[in-house]
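Below: one structure, written as structure tokens.
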Amino acid sequence: MASSRRQYPFHLIEPKWQQIWDIQQTFRAFNPGEEMPENHPFARRHKLAGKPAAAQLPPKCYILDMFPYPSGVGLHVGHPEGYTATDILARYKRALGFNVLHPMGWDAFGLPAEQYAVKTGQHPRQTTEQNITTFKRQIQSLGFSYDWSRELATTDPDYFRWTQWIFLKLYNSWFNPETNKAEPISRLKFPKELDLEDIAKSPEALELAKLEKKDFDVEALKLWNRRREYRDSRRLAYVSEQPVWWCEQLGTVLANEEVVDGKSEVGGFAVVRKPMRQWMLRITAYAEKLLADLDTIEWSTSLKEMQRNWIGRSEGAEVNFEVEKSLVPGSPSETIRVFTTRPDTLFGATYMVLAPEHALIDQMKRSGVIPTHWPAGTRNEWTGNAENPNDAITAYQWTASIKSDLERTELAKEKTGAFTGAYAINPVNGQKIPIWIADYVLASYGTGAIMAVPAHDTRDFEFATKFNLPIVQVVQPPDPRTDWQGFMDDGTSVNSTGPEISITGLATPEAKKKITAWLEAKGLGKKTVNYKLRDWLFSRQRYWGEPFPIVWKKGPDGHPYHEALPESALPVLPPELTDYKPTATGEPPLARAKDWVNLPEGSQRETNTMPQWAGSCWYYLRFLDAKNPNAFVGKDTEQYWMGSQEPKSQTPDPKSTPGVDLYVGGTEHAVLHLLYARFWHKVLYDLGYVSTPEPFFKLVNQGMVLGEDNQKMSKSRGNVIPVDVPVQEVGTDALRLFEMFMGPLEMVKPWSTRGVEGVYRFLGRVWRLFVDEKSETEFEQAETTAETQRRGELLNLIKLDSAIKDVAATPAQSKTLHACIKKVTEDLDGLRFNTAISALMVFVNDAMTWETKPVSVLRDFLILLQPFVPHLAEELWAKLSIQNPTSNIQHPSLPYANWPKFDPALLIESEMEIPVQVNGKLRDVIKVPADADNAALEAAAKASEKVQQFIAGKAIKKVIVVPKKLVNIIVAG
RNA sequence: GCCGGUGUGGCGAAAUGGCAGACGCACAGGACUUAAAAUCCUGGGACCGUAAAAAGUCGUGUGAGUUCGAGUCUCACCACCGGCACCA
């Protein structure tokens, strides 16, 4: 292809316009109150030059891409798909009159730069900056209309100081269940026993006493400690010692969301459960809001479903089972609390299972509920090889603890467990049921304990079958032929009558209601909602991330506690290191910087860093006000860009939506970034820092672009096409156009080099629709001899085709144009880029045959073309303007030219072609006047010769006439 | 296993319940050219026909249904893609 003649001089046109846009700052978006340069095309379009901008700005439109992680490899042709879609929309919305915010930045913290640093000693900042340079060059070569003045990187101290600031807001807030929102921690009410009765016991008094007398009130200190613990345990950012995912190869802990199939999402390394002290964010407090508010936003069903599944809400009941009293006199009674979604099956509970890590197990050992010998009548398959219950439990707990979760899930083909020797009492019928421990019950979900109903739960059924435990039917399937064993759906309760309560004969929903009410009345349980969602593990043992604005101190009794740094201490910069590995003792790399860690007054800095997701949780807010030194975003600015606004009555009539108007990105962030960002946004909303409860009003996932071989693009397959290749060979405009022409945005679709050439040919046709062939030949000859730096000017040699005249359009030409306007406009509104492009092609195919080409028609066409193919459209627009100055005076800048409005009157035909069917089969197409009434249509249809062949001599039973559409004649026989 | 999505020519794909295959790729024929490239014009679902047409029949994963009429709506099934997966 390289040897063939260029379709048009894109190699000169594209750099030329990118430079003009850059110098003119064409796509700079203006904030309320910002001064606008006199000659900026946006100011001219909206007549805002020299006026106070605040009140005058047109409605906003915020169009956002998921900002990339700048890897060293650069972009391949799959990357620009989403960027192209948003850019087309941004340019379209500008033409409609919106104030469009379309920014780009870098999600730049991350593991690859750090791993490279460990290997080579090169500072991650240096690697990151190099990668950003590469990415930026490539993205800029694609001609997107980003406002680069708002560019940001999450690794900039001016950025992450506000990430740390938001962390302080989380740290200094708690979730008040009464108001159902986050509130400052200062408003936390202490329980009575922790209330300060005596000012002398206040922390301040305590500190004074300590300093002056080297002595303190022990009681006051205890109270002070307990108050602090109480408060710290309720913060939205809190420290917790609990089993977390530890990845040895990555040298860090990971969040639930970052662990896939028992392996790290990054790198696919093994992960193990390990109890560690970690920072957590209380996302579970927002489970209900995160779920409910999905109904208020326009996301794809599949994406919403993914979030719903991840949040995993289930309604059910908690039920208390008394453990059968121990033989030790005077020992306290114990209760096992279980969660079930099927309280209606309570009569079928024939045993109980505790997770191996359940805290009650140790307590039961201590209280003697667990017997020292196997109870009489214990079956052989229940005891295994263990001498006594204690040994059995200890052995099983040990086996379970050394299993990784990979083994626990992947190898769990067969159920395992151990009998504790103890029994519980089923509250509905007083029956004694054995208590087991088994790792198919997870400590982290519900109460960590279950009542097992083997008749109506697959897992319980498997377990009961293996260990020979009783299986009792309590639900009758609606269809009597269905086997009740393992029947899990709704049916009718049977065998469900006890001394105080009966639900026999009730349908499942009623049975649930009745038994739950009874449990509540007896104090034996209550209606409960459970979520799969866990709190967000928020610390990482890494170097290249945001340090926590937290220090650790020791109380007078030596007890460590944490404290937030003041806002004035932000940003907390990471220390300079030469070695980026974790320490030999397994501490994070930051711990190597002793001078940094140990503060003069004796406290120590937190050495964990935040996860990569922190920076991306709020970057869309920083874009609004990227340079603001005083706030993470200015209040008026936030309200303008994120708040919903009444549509202003002007032409055109744009409407704004709350939050980001359009967010486009890959589906890989469904339960990571998109859930975390919603969570932070809701906290900021509760605290009054943002105007909307949801950040992203409309979200579209672009489908993946596969390699030409229909496989996902990857280095190992060797099918990766870097963006630079098509940009060199056919230009950015052709690349952009093909990205959108391949098919619907959301679909997965394969790359096609031939296809790119096809749209490139189309652009050549557009070019030839406008330019004079002779002048182009002269240009080409001049180009071969000209010096490189003068070539850009040679474009001026190219003249417009002499058929382009400043004359009125013929009716047929107007019709072609307006059909195109209608289709492109409607398709852009529906994000159907591929069909919009086909409409542009239809227009060009027709216009190529015109003997005279009216300037006004071509100008409107260029406005339609401009969002897709901005460089070529600008070049042709400029030529039209130069050669037809009078007619273009009110259109100085193509990106801000008014989007044409389609006139339905121009599309009305005088004659129409109407298909005629006989018995539903097409037999003829007849020409009729457009205003023909039903009777005339019917008569014309019957008069058709072809139709006559099928209806002659037959009885007409019925005639269906659809005005302007079709006639269908139904005949007998 | 559960949830979501998608099945239409050789290929990417279009079609408010109303002419299936717009637009493009690939292909074939022609024009221009010494020739090629580029460009322009023409053709095209399959089958059956025919010198060539016309006419006809069948066609949107499979099978049923609703309807004057179904790619589109309903039910059942099959295949592929994505997500979740001992979550009680």
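Naming convention: chains lettered A, B, ... in sequence-line order (proteins, then strands); numbering from 1 in each chain. These figures come from a predicted structure and were not determined experimentally.
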Among [options], which is the nearest nucleotide to the side chain of [X]?
X        : options                : answer
A:Leu966 : B:rC23, B:rG18, B:rA88 : B:rG18
A:Thr341 : B:rU39, B:rA88, B:rA14 : B:rA88
A:Tyr440 : B:rC86, B:rC23, B:rA13 : B:rC86
A:Arg754 : B:rC68, B:rA26, B:rC3  : B:rA26
A:Lys965 : B:rA13, B:rU16, B:rU57 : B:rU16
A:Pro744 : B:rA14, B:rC23, B:rG18 : B:rA14
A:Phe950 : B:rC40, B:rC19, B:rG56 : B:rG56
A:Asn968 : B:rA13, B:rC19, B:rG69 : B:rG69

[X] and [Y]: side chain donor to acceptor below 3.5 Å:
X        : Y        : answer
A:Thr753 : A:Glu708 : yes
A:His11  : A:Glu729 : no
A:Thr835 : A:Asp827 : yes
A:Thr284 : A:Asp535 : yes

Find out whether the Lys NZ or Arg CZ of A:Arg761 is both under 6.0 angstrom from the six-membered ring centre of A:Trp767 and within 45° of the ring's axis.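 Relative to the ring axis of A:Trp767, which defines the angle, A:Arg761 lies outside at least one limit.
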
Cation-pi check, A:Lys415 to A:Phe463: give yes when NZ or CZ is under 6.0 Å from the six-membered ring centre and within 45° of the ring axis, no otherwise.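 No; the conditions do not both hold, so A:Lys415 does not lie above the ring face of A:Phe463.
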
Remember a base hit wins even if backbone is also touched, and classify [X] as base, sugar-phosphate or nothing at under 4.0 Å, heavy atoms.
X        : answer
A:Tyr8   : nothing
A:Arg534 : nothing
A:Asn845 : sugar-phosphate
A:Ser314 : sugar-phosphate
A:Ile970 : sugar-phosphate
A:Val842 : sugar-phosphate
A:Lys921 : sugar-phosphate
A:Thr340 : sugar-phosphate
A:Asn834 : sugar-phosphate
A:Lys712 : sugar-phosphate
A:Arg765 : sugar-phosphate
A:Gly758 : sugar-phosphate
A:Gln7   : sugar-phosphate

How do A:Asn710 and A:Gly920 order along RNA chain B: which one's closest nucleotide is nearer the 5' end?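 Closest to the 5' end, via its nearest nucleotide, is A:Asn710.
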
Taking the [atom1] atom in each of [N] and [M], what is the distance between them to the nearest angstrom?
N      : M      : atom1 : answer
B:rC40 : B:rG45 : P     : 23 Å
B:rC81 : B:rC73 : P     : 24 Å
B:rG56 : B:rG49 : C1'   : 9 Å
B:rC75 : B:rC86 : C1'   : 33 Å
B:rG21 : B:rA38 : P     : 30 Å
B:rU72 : B:rU60 : C1'   : 10 Å
B:rU50 : B:rA54 : C1'   : 9 Å
B:rA13 : B:rG18 : C1'   : 22 Å

Rounding to an integer number of Å, can you tell me how far [X] [atom1] sits from [N] [atom2]?
X        : N      : atom1 : atom2 : result
A:Phe833 : B:rA13 : CZ    : C1'   : 17 Å
A:Arg832 : B:rA13 : CZ    : P     : 17 Å
A:Glu757 : B:rC27 : CD    : C1'   : 15 Å
A:Met488 : B:rA88 : CE    : P     : 10 Å
A:Asp489 : B:rG1  : CG    : C1'   : 13 Å
A:Asp924 : B:rG56 : CG    : C1'   : 16 Å
A:Asn701 : B:rG83 : CG    : P     : 12 Å
A:Asp457 : B:rC86 : CG    : P     : 13 Å

Do A:Lys415 and B:rC86 share a donor-acceptor pair, side chain to base, under 3.5 Å?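 When only heavy-atom distances are counted, A:Lys415 does reach the base of B:rC86 through a donor-acceptor pair under 3.5 Å.
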
Quick one: the side chain of A:Glu305 and the base of B:rG83, do they pair up donor-acceptor inside 3.5 Å?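 Check fails, no donor-acceptor contact within cut-off.
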
Under 3.5 Å, which protein N or O atoms sit close to an N or O of nucleotides 5-10 of chain B? Give each pair with its distance.
none

Students often mix this up, so state it plainly: with edges at 30° and 60°, are the rings of A:Phe861 and A:Phe770 parallel, tilted or perpendicular?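 Geometry flag for A:Phe770 against A:Phe861: parallel rings.
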
Below 30° counts as parallel, above 60° as perpendicular, anything between as tilted: where do the rings of A:Phe868 and A:Phe833 land?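 It falls in the perpendicular class, over 60°.
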
Between A:Trp310 and A:Tyr676, does the ring centre distance come in under 6.0 Å?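 Here the rings of A:Tyr676 and A:Trp310 have centres that are no less than 6.0 Å from each other.
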
Does a side-chain N or O of A:Arg761 approach OP1 or OP2 of B:rC25 to a distance below 4.0 Å, or not?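 The answer is yes; a side-chain N or O of A:Arg761 sits under 4.0 Å from OP1 or OP2.
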
Distance below 4.0 Å between A:Lys749 side-chain N/O and B:rG12 OP1 or OP2: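 No, no such contact exists.
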
Lys/Arg N to Asp/Glu carboxylate O, A:Arg308 vs A:Asp295, below 4.0 Å: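 Answer for the salt bridge query: yes.
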
Of all heavy-atom pairs between A:Val664 and A:Gly82, which one has the smallest distance, and what is that distance?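 Residues A:Val664 and A:Gly82, closest heavy atoms: CG1-CA, 3.8 Å.
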
Under a 3.5 Å cut-off for both distances, is B:rG45 Watson-Crick or wobble paired, and to whom?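 Answer to the pairing question: B:rC58, which forms a Watson-Crick or G-U pair with B:rG45.
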
Anti or syn, where syn is a glycosidic angle within 90° of 0; which label fits B:rG9?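 Syn.
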
